[in-house]
Amino acid sequence: MPLTVLVSLVAFGIAGIALLLHLAGRSKRCVLTREGAEAAWQRHFPGDIVEQITVARDAHAALVLTHLGPGLLWAFGADTVARRLEDFDLIDTGDRLRVVFHDFAAPSVTLVLDDFERPHWRNLMQAP
């Protein structure tokens with residue numbers, strides 16, 4: 001089989017799979033609720049005792065307070081990513097809060113928070 005035909009088949013195959021996933025609704029961002037955030041946190045960190053959950057108004061991030069300290073859960077496509085807030089920097093850009101982790105696996109996340117949420121989340125994130 002000529003290389004041009006093979007490359008075309010692979011490219012159209014990948015594009016077709018992406019289109020089917022999008023049409024099936026699998027490309028939508030995860031929407032978090034308190035119960036969904038707790039279940040997702042338990043999936044990432046089984047055995048943690050969740051004390052409090054604060055879900056962002058856009059429902060794409062949640063601040064989770066556990067017996068081991070604060071953690072952050074956010075939507076990454078149809079799934080979630082969770083990180084404990086142990087070694088990080090906060091950058092407030094006015095309408096967003098950027099969390100820079102000192103971890104190559106999840107370098108940073110930008111949270112869309114309103115003017116009321118941002119200071120509240122900053123206080124909870126920096127709690128001991």
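Atom CZ of residue Arg84 and atom CZ of residue Phe45 lie 4.5 Å apart, to the nearest 0.5 angstrom.
Across all their heavy atoms, Ala56 and Leu113 have their closest contact at CB-CD2, 3.9 Å. Nearest heavy-atom pair across Ala61 and Leu111 is CB-CD2, 3.6 Å.
Hydrophobic cluster membership differs between Val100 and Trp121, with clusters built from Ile, Leu, Val, Met, Phe, Trp and Tyr side chains linked at under 4.5 angstrom. Hydrophobic clustering places Phe88 together with Val109 (ILVMFWY residues linked when any side-chain heavy atoms are closer than 4.5 Å, directly or through intermediates). Note: the hydrophobic cluster containing Val50 does not contain Met125 (ILVMFWY, side chain heavy atoms under 4.5 Å, direct or indirect links).
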Which side-chain N or O atoms in residues 63-77 pair as donor and acceptor under 3.5 Å with protein atoms at least two apart or in another chain?
from  : atom 1 : to    : atom 2 : distance (Å)
Thr66 : OG1    : Leu68 : N      : 3.1
Thr66 : OG1    : Gly69 : N      : 3.4
Thr66 : OG1    : Gly69 : O      : 2.8
His67 : ND1    : Ile49 : N      : 3.1

> When you look at Thr110 and Leu97, which way does the side chain to side chain contact (heavy atoms under 4.5 Å, CB included) test go after all the steps?
Replying inline: CA-CA 6 Å; Thr110 303; Leu97 189 61; over 6 Å; no

>> Quick one, Ile53 with Val55, criterion side chain to side chain contact (heavy atoms under 4.5 Å, CB included). Give me CA distance, side-chain angles, the key distance, then yes/no.
In response: CA-CA 6 Å; Ile53 296 176; Val55 178; 4.0 Å; yes

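Counting only residues at least two apart or in different chains, salt bridge (charged side-chain N to carboxylate O under 4.0 Å, His left out) contacts with residues 63-74 are absent. Pairs passing the side chain to side chain donor-acceptor pair (under 3.5 Å) check and including a residue from residues 91-101, sequence neighbours excluded, read Asp92-Arg118, Arg98-Ser108. Legend: salt bridge (charged side-chain N to carboxylate O under 4.0 Å, His left out) pairs involving residues 55-67, not counting sequence neighbours, sorted by first then second residue: Arg57-Asp114. Within the structure, side chain to side chain donor-acceptor pair (under 3.5 Å) contacts touching residues 33-45 (residues at least two apart or in different chains) are Trp41-Asp48, Arg43-Asp79, Arg43-Thr80, His44-Thr80. For the side chain to side chain donor-acceptor pair (under 3.5 Å) condition, the pairs that include at least one residue of residues 14-23, sequence neighbours left out, are His22-Ser27.
By the side chain to side chain donor-acceptor pair (under 3.5 Å) test, His102 pairs with Asp87, Asp89, sequence neighbours left out. Legend: residues meeting side-chain contact (heavy atoms from CB on, under 4.5 Å) with Val5, ordered by chain and number and at least two apart, are Met1, Pro2, Leu9. Remark: Ala105 pairs with Arg83, Asp103 by the side-chain contact (heavy atoms from CB on, under 4.5 Å) rule, at least two apart or across chains.
Remark: the backbone N or O of Cys30 is paired with a side-chain donor or acceptor of His60 at under 3.5 angstrom.
When hydrophobic side chains of Ile, Leu, Val, Met, Phe, Trp and Tyr are connected at separations under 4.5 Å, Val31 ends up as a singleton with no cluster partners.
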